[in-house]
Participant: 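Have a look at the structure that comes next, please.
As the structure lists them, so they are numbered: ligands from 1, and atoms in each ligand from 1.
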Amino acid sequence: MPADRSKIAIEKLSEAQAKSEYRRLTTELAAHDERYYQKDAPTVSDAEYDALRRRSEAIEKKFPKLVTKDSPSQKVGVQTSGRFAKVLHAVPMLSLGNAFSDEDVTDFVERVRRFLKLGDGDIPAIVAEPKIDGLSLSLRYEDGDLVTAATRGDGFEGEDVTANVRTIADIPHKLKGRAIPAVCEMRGEVYMLKSDFLALNKKQAEAEDTIFANPRNSAAGSLRQKDPSITASRPLKFFAYAWGEMSEMPADTQFGMIQWMAKAGFVTNRLTTLCDSVDAVLTFYRKIEETRGALGYDIDGVVYKVNRLDWQQRLGFVSRSPRWAIAHKFAAEQATTVLNDIEIQVGRTGALTPVAKLAPVTVGGVVVQNATLHNEDYIKGIGSDGQPIRDGVDIRIGDTVVIQRAGDVIPQIVSVVLDKRPKSATPYKFPQICPACGSHAVREADPKTGREDSVRRCTNSLACPAQAMERLKHFVSRLAFDIDGLGDRQVEEFFADGLVMAPADIFTLQKRDARSLKKLSSREGFGATSVRNLFAAIDARRRIALHRFIFGLGIRHVGEGNAKLLARHYGTVEDFRAAMIAAGKGPESEAYRDLNAIEGIGTVVANAIVEFFAEPHSVKAVDDLLAEIEVLPAEKARTDSAVAGKTVVFTGSLTKFTRDEAKALAEKLGAKVAGSVSKKTDYVVAGEDAGSKLAKAKELGVAVLTEDEWLALVGDR
Ligand code: IVH
């Protein structure tokens, strides 16, 4: 048996052994990083992780040739180990006991009354508020300034996420008002709106990046980022509802504290209500339960807290939950149903996505008949990290399954009731050919990890009708051509009837309709007015911004952000088209190198664009479209300014311009604006009260400019 490589001392490794051991460590570290950062569910201790990391670094030191840009050591980290620093909570962050029925709530109030020895008729006033389904955060302010932000962790020790938290607009950097206690630890919940979560997932899907299961995971994943500029780009929000260490108390009731927090600059939940009887509490609960769907954010219950703080003090805690508060949970939104079929949908980039067709069932007041099955491995019971999910149980047609509306949004299958599995049920065979066009569908190997991609794709991007139709839907979508009155349904109809098969057809529709015997206005669902409006909406888009045009092409990996980078770099559609065709000559061509050198455009993206333009069919579709429309030039990123190609960080309160203005100007001049200071930063522009970033800049020897010096540098003065 060969020796276990993981045990061989580095000095004894041959070059070949080192190579394979290094590959093993890199893959393992990447998997640990994903579990830690994306899933918030590490499977090894920090010490074990650090040991792997040290071994990987030792190999790099001895065999520097092995280092690539994807090596663990080349990734940005908060600390050298890539993990967050630990913060000990001055006052532990405890959890709440649960109530599941009205009786549990009555019991809770009774317990409080008995403990406080209240008289028969004395009902303690209770603050009722929604229980936000996010993650709790503790914010420490000293002399009114935010100094540390920490996650809950195990309740006693959390993680330092200060740099990331500073990018959340709802969280003040400085407390407002005069008599601010010297130490204030404000606590509350970081969350994401359901609409923001859906939009983020859409963007992530376009960029083929991590998809989040629900708003809670997406908030956690966004907060726990190594790079604060990524957190900054995620729409995180915060409700304040509790506190930790306070050097003085600004109020003597729970309700008074919430009012004070609002005055100090926090967002507090407007539904928070002071109740004076058990009936009032239960009425509040029912009202919230009925309206929760319309709230915009996920909640998983209602929290009741005794209003008087001196009573809270007396009631104290039992084990790890307060006696003065309880969480009244909503009934779990799960239901059992039968999986009738698995349908395969073909996406714009050829991805085959399985969808569960369920016997209709009501979950939390909504009828569910579809659930996502993600991909082939998911059906088999294997997660994206190769680890078992649902205890490794596969999903078969005919199975009885438990479904859940995850975070209220996307229904998912949480488990299979094996006792009810029909004898005839067989493991699901994922199709190897595209159900829309019959071409081979394959799982490509990820060029980075060498691992098989979890997505199976149709290989016939040209003639696959499903892909062509999805590309059209993408073309008319909001961030692309955004044509009013031409939504998914109309695209499907027009495509099925052969009226619109490619983007250019949209712009010739009116001309063709004028000559046609079967007028659009005679179609079901269309009247003369709606057709007139549709043509007007199409005409309005005959002039289009370059980035929308590029995004609309639906090239793999080219999301809105990359489309903007490309538009700013090439300026006009003519230059863009010519450069992309020239780049097709190969990675040695100047055009390819120029494309790959755009900050933010990596090899994977560059290759996808070049592949698209290498296809005569795509070029024809682009040219046909260009014959019908005018693409407006983008403002080109300048390469001649003093800050072109430089990385700039703005910090502190700026007085000469807003953050957005500063960013827009810098980007226009060809600079890259980052959210955190690192060795790669060229300039830090520091306004008033600049804090940790300024300190970091000084520590790293990065040039620090005042606002005026910055303006002088960019020649705006
Ligand atoms: S009060 C001492 N209020 O629920 C207890 N918690 O199970 C302080 N949560 O970790 C917590 N909304 O993340 C409180 N309005 C609310 C809440 C809330 C959500 C979460 C919080 C905490 C968990 C407790």
Participant: Test your reading of the structure: does Lys305 have an N or O sitting under 3.5 Å from an N or O of ligand 1?
Facilitator: yes
Participant: Tell me which protein heavy atom sits closest to atom 14 (C) of ligand 1, plus the residue, atom name and distance to 0.1 Å.
Facilitator: Tyr241 CE1, 3.2 Å
Participant: Strictly by modelled atom types, are Thr162 and Asp160 linked by a side-chain donor-acceptor pair under 3.5 Å?
Facilitator: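 Yes, Asp160 and Thr162 have a side-chain donor paired with an acceptor closer than 3.5 Å.
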Participant: Atom 13 (O) of ligand 1: which protein heavy atom is closest, and how many Å away?
Facilitator: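 Atom 13 (O) of ligand 1 sits closest to the protein heavy atom Glu189 OE1, 2.8 Å.
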Participant: Quick test of your reading of the structure: of Lys131, Glu129, Arg320, whose heavy atom lies closest to atom 16 (C) of ligand 1?
Facilitator: Glu129
Participant: Look at atom 5 (C) of ligand 1 and say which protein heavy atom is nearest, naming residue and atom and giving the distance to 0.1 Å.
Facilitator: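 Atom 5 (C) of ligand 1 sits closest to the protein heavy atom Leu96 CD2, 3.6 Å.
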Participant: What protein heavy atom is closest to atom 12 (N) of ligand 1, reported as residue, atom name and distance in Å?
Facilitator: Ile132 N, 3.0 Å
Participant: Taking the six-membered ring for Trp, are His89 and Phe156 closer than 6.0 Å centroid to centroid?
Facilitator: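 Between His89 and Phe156, the centre distance exceeds or equals 6.0 Å.
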Participant: Is there a heavy atom of Pro322 sitting under 4.0 angstrom from any atom of ligand 1?
Facilitator: yes
Participant: Does an N or O from Leu94, backbone or side chain, lie closer than 3.5 Å to an N or O of ligand 1?
Facilitator: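 No; the residue has no nitrogen or oxygen that sits under 3.5 Å from a nitrogen or oxygen of the ligand.
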Participant: Taking C-beta and beyond as the side chain, do Arg286 and Asp102 meet within less than 4.5 Å on heavy atoms?
Facilitator: yes
Participant: Using a 4.0 Å cutoff against the non-hydrogen atoms of Arg152, which atoms of ligand 1 qualify?
Facilitator: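 Answer, ordered by atom number: 10 (O).
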Participant: Compare all side-chain heavy atoms of Leu309 with those of Gln254 and state whether any distance is below 4.5 angstrom.
Facilitator: yes
Participant: Looking only at distances, please establish whether an N/O atom of ligand 1 is found under 3.5 Å from an N/O atom of Pro130.
Facilitator: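 N/O-N/O distance below 3.5 Å exists for this pair.
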Participant: I'd like to know if Glu159 pairs up with Arg224 as an ion pair, taking the criterion as any Lys NZ or Arg NE/NH1/NH2 lying under 4.0 Å from an Asp or Glu carboxylate oxygen.
Facilitator: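 Judged by the 4.0 Å cut-off on N to carboxylate O distance, Glu159 and Arg224 do form a salt bridge.
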Participant: Do me a favour and list the nearest non-hydrogen protein atom to atom 10 (O) of ligand 1 with residue, atom name and distance?
Facilitator: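 Atom 10 (O) of ligand 1 sits closest to the protein heavy atom Ser136 OG, 3.5 Å.
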Participant: Do Tyr141 and Pro181 come close enough that some side-chain heavy atom pair is under 4.5 Å?
Facilitator: no
Participant: Identify the two heavy atoms, one from Asp394 and one from Asp399, that lie closest to each other, and give their separation to 0.1 Å.
Facilitator: O-OD2, 4.0 Å
Participant: Among Met261, Met186, Met257, Lys305, whose side chain to side chain contact (heavy atoms under 4.5 Å, CB included) with Tyr241 holds?
Facilitator: Lys305
